[in-house]
Structure formats: structure tokens, C-alpha cells
Number of protein chains: 2
Amino acid sequence: MDIPNPLGRRTVNLRRQSKRTYGKRAKELVFLLDLLKISGNRGEVLSTTGRLAGLAGMSQQSISLVLRSLASSGFLAKQHSKNGERIFLTSKAYDRIAQELAGVSLPAIRDHLERRELVVTGTLFTGKGEGAYYVSQKEYSRQMHQRLGFVPYPGTMNLRLNGFEDVNKILLLHSLHPIKIEGFTTHERTFGDVFCYDVEIAGGPKIYLVRSERTSYDLTVVELISDVYLRKALRVEDGDTVRFSFFV
Amino acid sequence: MDIPNPLGRRTVNLRRQSKRTYGKRAKELVFLLDLLKISGNRGEVLSTTGRLAGLAGMSQQSISLVLRSLASSGFLAKQHSKNGERIFLTSKAYDRIAQELAGVSLPAIRDHLERRELVVTGTLFTGKGEGAYYVSQKEYSRQMHQRLGFVPYPGTMNLRLNGFEDVNKILLLHSLHPIKIEGFTTHERTFGDVFCYDVEIAGGPKIYLVRSERTSYDLTVVELISDVYLRKALRVEDGDTVRFSFFV
DNA sequence: ATTACTAAGTGACGAGTAT
DNA sequence: TATACTCGTCACTTAGTAA
């Protein structure tokens, strides 16, 4: 009791946990957010560590490490399957995200947005021909002619996005002014709504990014349409990098 | 033209920018978010690097570095003043945040929240007596008696939060079920609404966290009230660490 | 008081490789 | 194929100190 701690403090300068905590917290949070986003807010992702590595711009080893670390912290559950891992966000992950995002006001952010061009980069690949099937539907084609100003070439150009930042930009695009093509029903089946977004390729023909309401959601893939055969017009082939842009 | 690149790719495996990009992106984003949050979404913070260091759990030097790096990337503007720096988020920062948050659905997150206890840690300090002034107002006191079940001791216990994570938790608390104490007007001045949040201290008396609608917003400080003199009841003094909790 | 530079320590990252 | 381990490297952090 004599000569107590000179400042009368019980806990002096309570040093935060360990070192490098902030970077760790940040990486954890952003990774969880990225997973949530590419899952389309469903909180369930089926992917390989290699693929995630590509998106994150990290090595496969590091992704493996990150996933295991997040899993052991209880933020996610993994299920090993032969072609990748199935990853589930736990409610602890949602808690974490909710905590971090609690104080940010989305409207306040929107108020400060500047109009500017966002550039997205993707790698061209050949899809399963679904795009062509859809775009060829007379009713879609008719409405597109009316709303977009051209009859679409019967096929879409598929790009696989190269990083989470590109995925983010696409998600931002999704939140913007789409041109809605109404779904319809034939005697065979029902076709859902399709959303078209005004994007552009420097020096290329007029294009739109199309997104089907109910496509088997892979948010890391985008489809572009035009009135011409884009691969030819742009002289690109599978594996080539294609850049397009839009304004926020 | 002969023997072209074997895979027919123009850009093979487009390696992401440089190394360690992800961690950097994450830290940048989270730091911007943290600044936005402690500014109460105003995008303007007046603080010293040392104080931010405390909140972030990093050294003063690192904060200095981070701030300069963010400034040179155009995410924020700094104004040096004799007692700290005034930091402004630029619209580029808002763009960045908007981009990252574009694809996350807040309702989807809330759906997955688990009910659990959040513990907040703060350091006791002596305020300017404003809390006492407010709580002593008859009208506040009367309403508190009615709504909270006790007549508040004429004084508040001020805690300075020790880290961004605690700030986040408080912001989450703010988004919850407050008990609203109506503002009123005397012949002298107008008193704004006050919000009370149900929190608890293990082994201590019933307490509420109070937040004035119009307090000179320092989100890193919280005020607690009870019907007794809390410093005595809890046997704590300036500089001591106090822990309280609430349920999400 | 502040913020910022330098130098040194260490923890994160990825290449190689095992499974 | 897939994920995960080892280990050398280097980028980030901080202590010390200058401004």
C-alpha cells in the first residue's frame, strides 16, 4: 500500500494483444467480406485454394494458410471435396462483419462519391454456350433491339475476372441503373429478367454487360454482348486479357 | 508469327501487381473505414498519430507511415496543426469504400447474426463535468427514473475506449434498441434527446450507457450512469480499466 | 508537445515439394 | 489433380532519436 504505482493506475498502458494485430484484423475482415461477396451474400463458396489465390493476388499456399487460420478462429467451416473446398461462413463471421460495418453509413458514403471511370480486367474464355442460347431467344432479342438499340449477336463474350478488386467493381456496377429486359414464358419454359449495364471497350463497338436474374451465380464471370461477333471485332481469343470500363 | 506462345495466350497468368498486395489493400480499406467510423461518418478527424496508434494497436511511427502512404495515394488530406493532424477523407477514399462495400448486403448479414455478449474495455478518466450537468437536469432525471427504474446519480463515469474494435462494438450498440429520453426546453436553453443503452458490469450495479444526440461527438468516449456513485461502487479511479458488456 | 527518419528485428509470404 | 508443410527471403513494424 505504500508508494503505490506513481500514476495511481492499475493497468498501465494496456498494450494491445500482440504485434501486427491490425494488419491481421484487416486481412481477416477483408477476406471474409470478399468471400461473402463472391458467394453473392449466401455465405457459401465452392472453390479451390488456387482459384482464390488468383482472385486475391496471393499464392495458393497463403490462401491455404488464411483459410485454415480463419477456420481455426471459428470464422468459417471447410468441407474438403475432390475438386476444391466448400467454404461456409459461420455466424461468428457475420458477427465480425456486422461489428465492423456497424458504424458506417452507406448513404453518407454515397453522398461523397465522385463520378469516375472504373476499369475492369478479365480473361476471355469459352463458356458453355448458354449465353448464345439466351440471347438467341426472340423475345430477349426483340426487347434488346428496342431498349439497347441493336439486335445482339447470338452469343456472349465471357470474361473471368482476375481479382477481387474487379469483382468489387462489378458488384458496384450491379448496384447501378440497369436496363431491364423483361422475362417471359414460352410453351417450353420460363425465362427470367435480364439486366443490361452500359459499359464500354476503348476503341471497340458498343457493348453491354448482361446479367441474368437467375444464372448459376458465379460472380467472378461476366458476359458482354454487342451487335457484332466480339472476338473478331476485338481480335481476341481464349486466354487474352480484355479491359472494359464504366462510369460510377 | 511462327510458333506462337504455346497456349495461344497473349497475357499469360497476368501476375497481380506486386507482392503483398492483399494485406496492403486490406489495411488501407480497414483504416479508411476506421477513420470514417470514428469521425461519425463526417470524414474528418482531428487526432494525433499517437492517439490513433493507441486505437489501432500500432506504434505512433506506423500510424505516421500509414497516414502518409494513404495521403500520397490520394485517399486523404492532412493538415498539420500544433496538437495533432486534421485528416480529411477524399472522395477517392469514399469511392474505394463504396467499391468494397458494393456487393455486401447488410440485411443478409443481419439474418445470420447470433445473439451473443460483446465485451467493451475502456479506461476511466475524469471528464469536464458535462455529464453531471446534464444528468442533474430535473426533466432528464425524472424521465430516467420513469424509464430506467432509478434516479441517476448526478454524474457520469467516462471511459476512453482502448481500440478500434471497442469503438466498433459501441457503434453496433448504437444501432440497437435505445431507450429514448426526450429533450426539452427551459427558459435558458434547449436540451436534446438522450439515448440510453442497456449494458452491464459484471458484479456491479445496474448501469446504462448514455449518449446525447448532440454531444461534441467523440466516438471513442462513452458515458455510463447508475443510481450510485460508480467510482466508489466499483472501486476504480482514473486510469483504471473498466469492462462492461451488452448483448447483440 | 508533436511528426518523421533510420536501422534493426521479425513475421508474413511464396517457391519447392510432400501428400 | 487437390491441399499443406518447410524454410529462406524480404517487407512491415517498431525502438531510438532527430527535427
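Lettering of chains follows the sequences in order, A, B, ..., and the numbering in each one begins at 1.
At D/dT14, one or more side-chain N or O atoms of B/S62 fall inside 4.0 Å of OP1 or OP2 (strictly under the cut-off). OP1 or OP2 of D/dT13 lies within a sub-4.0 Å distance of a side-chain N or O belonging to B/K27. In this structure, B/T49 reaches the C/dT3 phosphate: one of its side-chain N or O atoms is under 4.0 Å from OP1 or OP2. In terms of phosphate contacts, B/S59 brings a side-chain nitrogen or oxygen within less than 4.0 Å of OP1 or OP2 of D/dT14. For A/R68 and D/dT3, the shortest distance from a side-chain N or O to OP1 or OP2 is not below 4.0 Å.
To the nearest angstrom, P of C/dA12 lies 13 Å from CG of A/L70. What separates CZ of B/R20 from P of D/dA11 is a distance of 7 Å, to the nearest Å. Rounded to whole Å, atom C1' of C/dA4 lies 15 Å from atom CE of B/M58. Separating the NZ atom of B/K24 from the P atom of D/dC10 is a distance of 17 Å, rounded to the nearest angstrom. With rounding to whole Å, B/I63 atom CD1 is found 17 Å from C/dC5 atom C1'. The distance from atom CZ of B/R25 to atom C1' of C/dA12 is 17 Å, rounded to the nearest whole Å. The interatomic distance linking B/Y22 (OH) with C/dG14 (P) rounds to 13 Å, in whole Å. A/L52 has its CG atom 15 Å from the P atom of C/dC13, to the nearest Å.
A side-chain contact (heavy atoms from CB on, under 4.5 Å) with B/V194 holds for exactly one of B/V135, B/I225, B/V210; it is B/V210.
Heavy-atom distances to DNA chain D give each of A/G50 and B/V66 a nearest nucleotide, and the one nearer the 5′ end belongs to A/G50. For A/Q61 and A/N83, each mapped to the nucleotide of DNA chain D holding its nearest heavy atom, the one lying further toward the 5' end belongs to A/N83.
The two residues B/E114 and A/D95 have their closest heavy-atom pair at N-OD1, 3.3 Å.
Checked by distance alone, A/Q60 brings a side-chain donor or acceptor within 3.5 Å of a matching partner on the base of D/dA4.
Electrostatic pairing of A/E100 and A/R96 counts as a salt bridge here, judged by a charged N lying under 4.0 Å from a carboxylate O.
There is a side-chain donor-acceptor pair under 3.5 Å between A/T123 and A/N162. Using a 3.5 Å distance cut-off with no hydrogens or angles, the side chains of B/R68 and B/S64 do pair a donor with an acceptor.
Residue B/T48 is classed as a sugar-phosphate contact, given heavy-atom separations below 4.0 Å to backbone atoms only. Residue B/L65 is classed as a base contact, given a heavy-atom separation below 4.0 Å to a base. Backbone-only contact: A/K78 has heavy atoms under 4.0 Å from sugar-phosphate atoms and none from a base.
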